[in-house]
Engineer: 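Just passing along the structure, written as structure tokens.
Whatever order the structure lists ligands and atoms in, that order sets their numbers, starting from 1. None of the values given here were measured: they were computed from a predicted structure. Hydrogens, waters and symmetry mates are skipped; everything else that's a heavy atom, side chains included, is used.
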Amino acid sequence: MSYESDDAIGDLQFPADFLFGVATAAYQIEGAVLEDGRGASIWDTFSHTPGRVHNGDTGDVACDHYHRWASDLDLTASLGVDAYRFSIAWPRLFPRGSGQLNDRGLAFYDRLIDGCLERGLKAYPTLYHWDLPQALADKGGWKNRATADAFAHYAATVMDHFGDRISAVSTFNEPWCSSILSHLYGIHAPGEKNLDSALAVLHGQHVAHGLSVQAMRASRDTVPLGIVLNLQSLYPATDRDRDIEACRRHGTFHNGLFLDPLFKGEYPAEAIEHLGDRLPEGWQDEMRTIAQPLDYWGLNYYTPFHIADANNSQADYPASIQIDNPDVVRTDIGWEVDGRSFHDLLVDINDRYTLPPCYITENGAAYNHGVQNGKVEDQPRIDYMQQHLAAVRDAMQAGVDVRGYFAWSLMDNFEWAEGYNMRFGLIHVDYETQKRTLKQSAHWYQALIEENR
Ligand code: IFM
């Protein structure tokens, strides 16, 4: 199914107070991993482990944003966006995750946040975009309750220090990735493949989220707090009953294990029936801590999934598999392009949960166009964004309370296990020279924002 949209910029009208932004994350752009007292994170370890990241790429230098933040913010402001979403590297503030606070780490984010405000950009930091301090990982990481306590302390420190200058704080970015993708599928750091570990990490992160919300509110209760989820838009691969049923189970596992505890204070009953004895002992006592009232939630959205039954009686719940549809448009990373699925997901989640207002905290496409004659002609990215912004607009017309949209990403960057091989930026980065070039899509986004003023 494709989402037919011939919307011109003029048709992409949003309310006057709708927020337009761009997003990045610390390890993907900062580089300078050994500078000013920063400690190591699990992504330093992982990317330096042979065979983990495409081409052996690491975030050691990345976009050198740690040194180029001022000119990068100039470029960000030149797009006309209202807000900049970035993440704070926990190991820059607490090199060992807890204990000694590193003033030089704080000073970097002081410069960055003040730099945003000087340029009229609202600052939207995220606390955890996957760079767990290695020192905490060495003691069990998210499986150790002490990590959740350390995270709450780090969150309170961020709020104490920056709370007077930031517009919102997201606790976690895509906890699905830092639990399931990292501990069950082994694709992201630390690269484990173990369902029990994945469930322990998932629960540990939920607890850390709840504790951090409490700690930040105790520090300052005026800054909006939320969490960013990468929910999946799911379709049965066939109309056979067993695939329809597998698709439902898949949603319970991959979406329900996040939405239900965070917004209802419980895990889905069916997931508990199958997996309850594999959650960490005493999990029941922590559900109230997890389900803190939030001021907003963030949705990161890229692509739909088609799901079939695993046809394997030995498979763990949800015993589902993903099927690739051959006849679809795909981005360079191989992800299906389908704006309709974005609309469907927004409407479906809105119908099934009582949620605070939503921000689209990431949306974008990997296309690897290079610079030719000083230009980057990336029309497919424009088509993608156009289709997905139309989906947001239509979902809002259908009653979903969406308050803003952050394009992923401000600039090409370290795309995790894909290294520098996949480019999601509105701005092209030449990694040899660190030269930035605004792509055609950046100019298009600029014009769209201008049109909406
Ligand atoms: O680059 C990532 C980002 O860090 C988290 N969301 C998905 C993006 C594209 O894979």
Engineer: Can you measure from CH2 (Trp297) to CZ (Phe263) and round to the nearest 0.5 angstrom?
Structural biologist: 7.0 Å

Engineer: Measure the shortest side-chain to side-chain distance between Thr171 and Gln205 over non-hydrogen atoms and say whether it is less than 4.5 angstrom.
Structural biologist: no

Engineer: In order of chain and number, which residues sit within 4.0 Å of ligand 1 by heavy atom?
Structural biologist: Gln28, His129, Trp130, Asn173, Glu174, Tyr302, Trp335, Glu362, Trp408, Glu415, Trp416, Phe424

Engineer: Please state whether the rings of Trp130 and Trp416 are parallel, tilted or perpendicular, taking 30° and 60° as the class boundaries.
Structural biologist: tilted

Engineer: side-chain hydrogen bond (donor to acceptor under 3.5 Å, both in side chains) with Asn350: which residues, sequence neighbours excluded?
Structural biologist: none

Engineer: Do Tyr445 and Met385 come close enough that some side-chain heavy atom pair is under 4.5 Å?
Structural biologist: yes

Engineer: Compute the ring centroids of Phe414 and Tyr420, then answer whether they are less than 6.0 Å apart.
Structural biologist: yes

